[in-house]
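First listed ligand is number 1; within each ligand, the first listed atom is number 1. Since we're looking at a predicted model, the values are computed, not measured.
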Amino acid sequence: MCGIIGAIAKRDVVPILMEGLKRLEYRGYDSAGLAVLDYASHQLKSQRVTGKVQQLETKLKNAPFSSTIGIAHTRWATHGKPSDENAHPHISRNTVAVVHNGIIENYLALRRQLEQQGYQFLSDTDTEVIAHQIHFFLQQNNDLNSAVRATLPLLKGAYAIAVMSSSAPDCLIAARLGSPLVIGIGVGEHFIASDAAALVPVTQRIIYLEDGDIATLQRDHFQITDISGNSVTRGEQISRLAIDTMERGEHRHFMHKEIFEQPRAIAETLEGRIYQERILSAILGPQADDLLAPITAVQIIACGTSYHAGLVARYWIETFVRIPCFVEIASEFRYRQPLANPRTLIVTLSQSGETADTLAALHEAKRLGFGPSLAICNVPESALVRASDLVLMTHAGAEIGVASTKAFTTQLVCLLILTVLLGRHRGMSVEVEKKIVAALLSLPRQIETVLKLDAQITQLAEQFADKQHALFLGRGIHYPIALEGALKLKEISYIHAEAYPAGELKHGPLALVDATMPVIAVAPNDALQEKLKSNLQEVHARGGQLFIFANHHAIMQQSDYIKVIELGTLEEIISPIVYAIPLQLLAYQVALIKGTDVDQPRNLAKSVTVE
Ligand code: G6P
């Protein structure tokens, strides 16, 4: 999704803006641009490109900019195709430059009014109305801050914006409503960005703006106000993102690095949460026991990969806690008018904590009268974390690859922790808890072992490179892992992949099976393995090519059409977490062969801040 970076300093900000743009690339984008104020001419100068930040860099090498104030943007198209004209910043009458993340729903009405005032539109975007509208008010009172404050109430929708003007050469203005924005504090310099990751090289001192906030940044001073101009105070945080989490190191892609970081990410997520083989009850805060004790059901809400984590958790919660657990895609939940129960715990799952649908679904659940809310999230201070009663952070570290890997497995770890905490109120025995904890503690080691399959999976991947379609099968708690495996493959290799519970094979997908269709089976040694084996025989009998991930190679006789990838003996409770890993590797290796943009797959975004 769109990324914003802005800086006002006593040094040249162009390298800071360019580095910030590179650090925002992971969010997903299709064009990029920047605007600065040229001190000699007192004019705004801008450069925009369709495509990658690298191309913007090349353009700037040929015609360098330098300035002590500027704003820049990576755009993910919503209104208007990816093009130079639609890329941000948008500039009104050479005076006001704006970058924007979000969607202005009433932009057409505003555009018509502004056109009547004589403003000429050069793009198809909703953003351009903001630039012209600010210019319109600026002409009347010659004060940028008042012009922004007059404009914001006219905008319906969601926004994070950064604004600069040649009429106010020593100030940058930022505002947010529904889309994320942070301020970075330096010495004699201040910054604006969509997330703290963009500011890692320049400052760790971060302030998260809240909805309705307007920040005015000068070199030695900043102020945050509400829409009426009343001063508001927001706490300063020290960002935990270290520079090394933002570098690829020896890995070709962030996704590969992040797959291999999973043992450490899981160990860090468990750190400080276990004592004497039991989960520490204090980890959810002092009010947790009172909020969890009356709970009789769980409703999980999430999108994408996070939704798949929720589907796995349903099996754990219903098996170990013995209360019903419902799991729904946030964009469906928010419009379904679900039946609310004040004793149902709302659990939101989100790596970014900014997914618009998940946030809206949480607000809807609150409005309808559901019970307390708990967020499992990777970004402290994200909107979701702030809107929830209880929080369980995944400590995965920054995840840059758009296709989620370590955020997913650490979500699963947190969901198992939650299962224990809920189970305590519903009579879970100490033995069962200790068994779950022991399994959790063994995870980093088990994943290390499975990561050694990378070379074997690389060979396997060659058989996928010319395929158009793939079918993933699983049963029980491993069915959501099949879903996640299919999602990973389609996200980054662009091969059409679908997942089915293997028992459904006969009810449709078997018609697709022939020698050109690879079928990937998640086949651990559990109670459903025999049934799954019968399903796999059905595929084999129809000439399908089978790739079976199993505990032991003896599951089926290997042949040209049957390949078994052996994962070794695993503790059943954590088996879905471990089985996710080879499927991530498979998707990665296939994408590598296909030469796709692994970390930033086409049309996708890391943080989906629009509906
Ligand atoms: C996007 C990302 C996915 C992610 C989904 C939900 O589609 O590309 O990796 O699973 O959003 O995001 P969330 O931040 O809420 O987990």
Could you verify whether a donor N or O on one side chain and an acceptor N or O on the other, from Thr305 and Glu484, lie under 3.5 Å apart?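 A donor-acceptor contact under 3.5 Å links the two side chains.
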As a test of reading the model: which N/O atoms of the protein lie under 3.5 Å from N/O atoms of ligand 1, and at what distance?
from	atom 1	to	atom 2	distance (Å)
ligand 1	8 (O)	Val402	O	3.4
ligand 1	8 (O)	Ala605	O	2.7
ligand 1	9 (O)	Val402	O	3.1
ligand 1	10 (O)	Thr305	N	3.0
ligand 1	12 (O)	Thr355	OG1	3.3
ligand 1	14 (O)	Ser350	OG	3.1
ligand 1	14 (O)	Gln351	N	3.3
ligand 1	14 (O)	Gln351	NE2	2.9
ligand 1	14 (O)	Ser352	N	2.8
ligand 1	14 (O)	Ser352	OG	2.6
ligand 1	14 (O)	Thr355	OG1	3.2
ligand 1	15 (O)	Ser350	OG	2.6
ligand 1	15 (O)	Thr355	OG1	2.5
ligand 1	16 (O)	Ser306	OG	2.6
ligand 1	16 (O)	Gln351	N	2.8

Measuring from atom CZ of Phe254 to atom CD1 of Ile259, what distance do you get when rounded to the nearest 0.5 angstrom?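 Spacing of CZ (Phe254) from CD1 (Ile259) equals 14.0 Å.
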For Tyr479 and Tyr500, run ring-ring contact (aromatic ring centres under 6.0 Å, His included): C-alpha distance rounded to whole Å, both residues' side-chain angles, the deciding distance at 0.1 Å, then the answer. CA-CA 7 Å; Tyr479 164 53; Tyr500 271 88; 8.1 Å; no
For the residue pair His100 and His88, does the interplanar ring angle fall in the parallel (under 30°), tilted (30 to 60°) or perpendicular (over 60°) class?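 Correct class here is parallel.
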Relative to each other, are the rings of His253 and Tyr588 parallel, tilted or perpendicular (30° and 60° limits)?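 Perpendicular: the ring planes of His253 and Tyr588 meet at over 60°.
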Please find out if less than 6.0 Å separates the ring center of His308 from that of Phe408.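 Not close enough - the centres of the two rings lie 6.0 Å or further apart.
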